[in-house]
Amino acid sequence: MELSVKQVREVTGPLLEAFARLMPQLSPLLEAPSAARLQAIVESPSAALFAAEAGGCIRGLLTLVWYDVPSGRKAWIEDVVVDAEARGTGAGRALVAAALEHAAVIGAGRVLLTSNPAREAARALYRKMGFEEAATTVFAIKTDAK
């Protein structure tokens with residue numbers, strides 16, 4: 001089965017179905033985003049959504065976001081998820097490679113990501129692709145009522 005990765009340019013039924021199937025695999029607490037939220041991401045001048053497809057089905061998803069600060073343009077890889085049935089097929093590697101290529105095109109000098117320590121296979125992939133664990137701590141605070 002041939003795998004291809006494309007930047008998503010249009011929100012379709014199969015894309016919505018893929019998010020409904022894949023987001024709970026990323027985290028059981030996550031729900032699929034609405035079509036409107038996905039449309040906003042697809043149309044954003046500072047985000048790119050990538051889908052890995054094989055056999056006519058979306059097997060994985062990744063979002064790249066970027067922003068400019070005085071120290072330069074930075075990009076973050078977010079919400080990487082590969083269907084459990086497609087893990088080990090190269091979908092994750094292909095998605096990350098597409099994101100890194102896009103980051104270079106848009107002039108992001110640094111690409112960052114976070115990965116849960118329990119996701120050992122994903123962390124091994126990131127290391128194989130040249131990512132290094134940064135000597136920093138990410139702090140987070142919720143600003144919504146949930």
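Index from 1, following the sequence.
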Write down the atom of [X], the atom of [Y], and the distance for their closest heavy-atom approach.
X   : Y    : result
A52 : L95  : N-CD2, 3.7 Å
A97 : M129 : N-CE, 3.7 Å
K74 : A108 : C-CB, 4.3 Å
I58 : A51  : CG2-CB, 4.2 Å
V80 : R119 : O-NH2, 4.4 Å
L3  : T89  : CD2-O, 4.4 Å

Donor-acceptor under 3.5 Å ([X] side chain, [Y] main chain):
X    : Y    : answer
R123 : S115 : yes
R9   : V42  : no
E78  : L113 : no

Distance from [X] atom [atom1] to [Y] atom [atom2], nearest 0.5 Å?
X    : Y    : atom1 : atom2 : result
E53  : E2   : CD    : CD    : 11.0 Å
D79  : L61  : CG    : CG    : 9.0 Å
E120 : L125 : CD    : CG    : 14.0 Å

W66 and H102 aromatic ring geometry - parallel, tilted or perpendicular at 30°/60° bounds: tilted

R127/E132 salt bridge by N-O under 4.0 Å criterion: no

Answer yes or no: is there an ion pair linking D83 with R59, defined by an N-O contact shorter than 4.0 Å?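 Salt bridge between D83 and R59, a charged N being under 4.0 Å from a carboxylate O: no.
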
One pair to check against side chain to side chain contact (heavy atoms under 4.5 Å, CB included): Q39 and E10. What are the steps and the verdict? CA-CA 7 Å; Q39 190 64 40; E10 174 183 12; over 6 Å; no

Hey, quick one: are [X] and [Y] part of the same hydrophobic cluster, counting side-chain heavy atoms closer than 4.5 Å, chains of contacts allowed?
X    : Y    : value
V82  : F131 : yes
I106 : I77  : yes
L62  : L112 : no
V11  : I41  : yes
W76  : V96  : no

Could you go through F139 and I141, starting from their C-alpha distance and side-chain angles, then the distance that decides it, and tell me whether this counts as side chain to side chain contact (heavy atoms under 4.5 Å, CB included)? CA-CA 7 Å; F139 291 88; I141 187 169; over 6 Å; no

Beyond-backbone contact of [X] with [Y], side-chain heavy atoms, under 4.5 angstrom:
X   : Y    : value
L64 : L100 : no
E31 : M23  : no
P33 : F19  : yes
T63 : F50  : no

For atom CD of E17, is the number of surrounding heavy atoms from other residues, nucleotides or ligands below 6.0 Å larger than 12?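 More than 12 heavy atoms, drawn from other residues, nucleotides or ligands, come within 6.0 Å of this atom.
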
